[in-house]
> 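Just dropping this structure here.
Values below: every heavy atom of this structure, side chains too, minus hydrogens, waters and symmetry copies. Note that the structure is predicted; figures quoted are calculated from it, not measured.
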Amino acid sequence: MSARDSDHTAVLVIGLGRFGYHVAGALERLDHEVLAIDRDPARVQRWSTELDRVVQADATEELALRQLGVADFDRVVVAIGASVEASVLTVLTLTELGIPQIWARATSEKHAKILHSVGAHHVVFPEAETGERVAHLIVSRLLDFIEFGDDFAIAKVRVPAPLVGRALRELAPRDRYGVMVVGAKLPGEPFRYVDPDTVLPPESVLIVEGGITQVQRFAALT
């Protein structure tokens, strides 16, 4: 069965450094079939017991990719970070094979521009993105933080004192604090969506969205 015959859930991950391994593992935990490729036999051996399908191959060689059936994949992640040349050549080869979605890891802005120019559809900066997230967590009371650009973020925060024991309808957090409370984990319960009548007891944890500054100020109320 080809990758396209299995409801388009299969994903190819090329490069099994730390980033590639974690992406492949996360995809498998999300019930996606994953084929992982690396040209380093030591890495292939290391991760073959952790991942379902790991193959040694040079992804810069079109023939090797064709033999592995890579042309049948709709989504490919190029996680190569150690060699810019190998990263770019791999993306170029995938482009020539007509892969619909190519995700590629970049190590610099210049690298990203080259990846885009040779056909990458999505470029990610894992080190920079992780660094931004950790920085926000270090200097604020946020429990978790995802920035989407254009000054917008979703964060997990402890319920601020002004909201404890009161219904959201009374407080209108968006009008008063500039954020929207979209979910809550009440003590002893799983996360759930909130409505205007939700009352937040002490020790609740909230999911809020809004401008980055507003989200941080809201978290600082705790």
> Using every non-hydrogen atom in the two residues, find where I212 and F152 come nearest and quote the distance to one decimal.
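Minimum heavy-atom separation between I212 and F152: CG1-N, 4.2 Å.
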> So V13 and L51, do their side chains get closer than 4.5 Å, heavy atoms only?
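Side chain of L51 against side chain of V13, heavy atoms only: no contact under 4.5 Å found.
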> How long is the straight-line distance from CD1 of I207 back to OH of Y193, given to the nearest 0.5 Å?
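Output value for this atom pair is 11.0 Å.
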> Please check: side-chain N/O of T95 versus main-chain N/O of V118, any donor-acceptor pairing under 3.5 Å?
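Checking the backbone N and O of V118 against the side chain of T95, a donor-acceptor pair under 3.5 Å is found.
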> Could you tell me which residues satisfy salt bridge (Lys or Arg N to Asp or Glu O under 4.0 Å) with R53, sequence neighbours excluded, listed by chain and number?
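R53 satisfies salt bridge (Lys or Arg N to Asp or Glu O under 4.0 Å) with E33 only.
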> Can you tell me how far the CG atom of L163 sits from the CZ atom of R158, to the nearest 0.5 Å?
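Interatomic distance, L163 CG to R158 CZ, rounded to 0.5 Å: 15.5 Å.
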> Can you tell me how far the CZ atom of R75 sits from the CG atom of L12, to the nearest 0.5 Å?
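So the CZ of R75 and the CG of L12 are separated by 11.5 Å.
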> Write down the atom of A57, the atom of L68, and the distance for their closest heavy-atom approach.
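Looking at all heavy atoms of both residues, the closest pair is CB-CD1, 3.8 Å.
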> Is the backbone of L16 close enough, under 3.5 Å, to the side chain of D38 for a donor and an acceptor to pair up by distance?
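Present.
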> Would you name the heavy atoms of P202 and P187 that are closest together and state the gap between them?
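Shortest heavy-atom contact: O-CG, 3.3 Å.
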> Run E127 and R105 through salt bridge (charged side-chain N to carboxylate O under 4.0 Å, His left out) and show every step you take.
CA-CA 10 Å; E127 290 85 357; R105 170 192 181 182; 2.2 Å; yes
> Should V54 and V70 be regarded as members of a common hydrophobic cluster, given that ILVMFWY residues are connected when their side-chain heavy atoms come within less than 4.5 Å of each other, either directly or indirectly?
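In one cluster with V54: V70, no.
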> Check whether any side-chain N or O of E209 sits under 3.5 Å from a backbone N or O of V182 as a donor-acceptor pair, and report yes or no.
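Flag not set: sc E209 to bb V182 has no pair under 3.5 Å.
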> Hey, quick one: are Y177 and V208 part of the same hydrophobic cluster, counting side-chain heavy atoms closer than 4.5 Å, chains of contacts allowed?
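Linked within one cluster.
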> So, for A120 and V91, which heavy atoms are closest and what is the spacing to 0.1 Å?
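Minimum heavy-atom separation between A120 and V91: N-CG1, 3.6 Å.
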> Would a hydrophobic clustering, with Ile, Leu, Val, Met, Phe, Trp and Tyr connected at side-chain separations under 4.5 Å, put V199 with L206?
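Shared cluster, no.
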> According to a 4.5 Å side-chain heavy-atom criterion applied to Ile, Leu, Val, Met, Phe, Trp and Tyr, with indirect links allowed, do V44 and V34 form part of one hydrophobic cluster?
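Shared cluster, no.
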> Do the non-hydrogen side-chain atoms of L97 and F73 ever get within less than 4.5 Å of each other?
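No, side chains not in contact.
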> If I compare all heavy atoms of A106 with all of L115, which pair ends up nearest, and what's the gap?
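Here A106 and L115 meet closest at CB-CD1, 4.0 Å.
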> Work out which heavy atom in P160 is nearest to a heavy atom in L221; give both atom names and the distance.
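Closest pair (atom of P160, atom of L221, distance): CB-CB, 3.5 Å.
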> Using a 4.5 Å cut-off on heavy atoms from C-beta on, say whether the side chain of R192 contacts that of T198.
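Touching, per the 4.5 Å side-chain cut-off.
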> Could you give the distance from NE2 (H116) to NE2 (H122), rounded to the nearest 0.5 Å?
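If I round to the nearest 0.5 Å, the distance is 9.5 Å.
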> If you count heavy atoms of other groups shown closer than 6.0 angstrom to CZ of R46, is the number above 12?
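Open: at most 12 neighbouring heavy atoms sit under 6.0 Å from CZ of R46.
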> Would you indicate whether the side-chain heavy atoms of V88 and H111 approach each other to under 4.5 Å?
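Yes, at least one pair of side-chain atoms sits under 4.5 Å.
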> Would you check if L89 and S83 make a side-chain contact, meaning some heavy-atom pair closer than 4.5 Å?
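They are not in contact (no side-chain heavy atoms under 4.5 Å apart), so the answer is no.
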> Below 4.5 Å, heavy atoms only, C-beta onward: do L142 and Q216 meet side chain to side chain?
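Answer yes - side chains close enough.
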> What distance do K113 atom NZ and S108 atom OG have between them, rounded to the nearest 0.5 Å?
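Separation between the atoms: 9.5 Å.
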> Taking the side chain as every heavy atom from C-beta outward, state whether Q101 and D74 have any pair of such atoms under 4.5 Å apart.
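The answer is no, as the side chains (C-beta and beyond) never meet within the 4.5 Å cut-off.
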> Verify the cluster assignment for Y21 and V55: are they in a single hydrophobic cluster under the rule of side-chain heavy atoms below 4.5 Å apart?
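Different hydrophobic clusters.
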> Tell me if the CD atom of E96 is crowded by more than 12 foreign heavy atoms within 6.0 Å.
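Atom CD in E96 is crowded, with more than 12 foreign heavy atoms closer than 6.0 Å.
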> About how many Å separate OG1 of T60 and CG of L94, when rounded to the nearest 0.5 Å?
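Those atoms lie 10.5 Å apart.
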> Side chains of L200 and L186, heavy atoms from C-beta outward: is any pair under 4.5 Å?
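A side-chain contact under 4.5 Å exists here.
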> If you count heavy atoms of other groups shown closer than 6.0 angstrom to CD of E189, is the number above 12?
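More than 12 within 6.0 Å, yes.
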> Using side chain to side chain contact (heavy atoms under 4.5 Å, CB included), reason through V159 and E203 one step at a time and then give a plain yes or no.
CA-CA 7 Å; V159 59; E203 307 304 321; over 6 Å; no
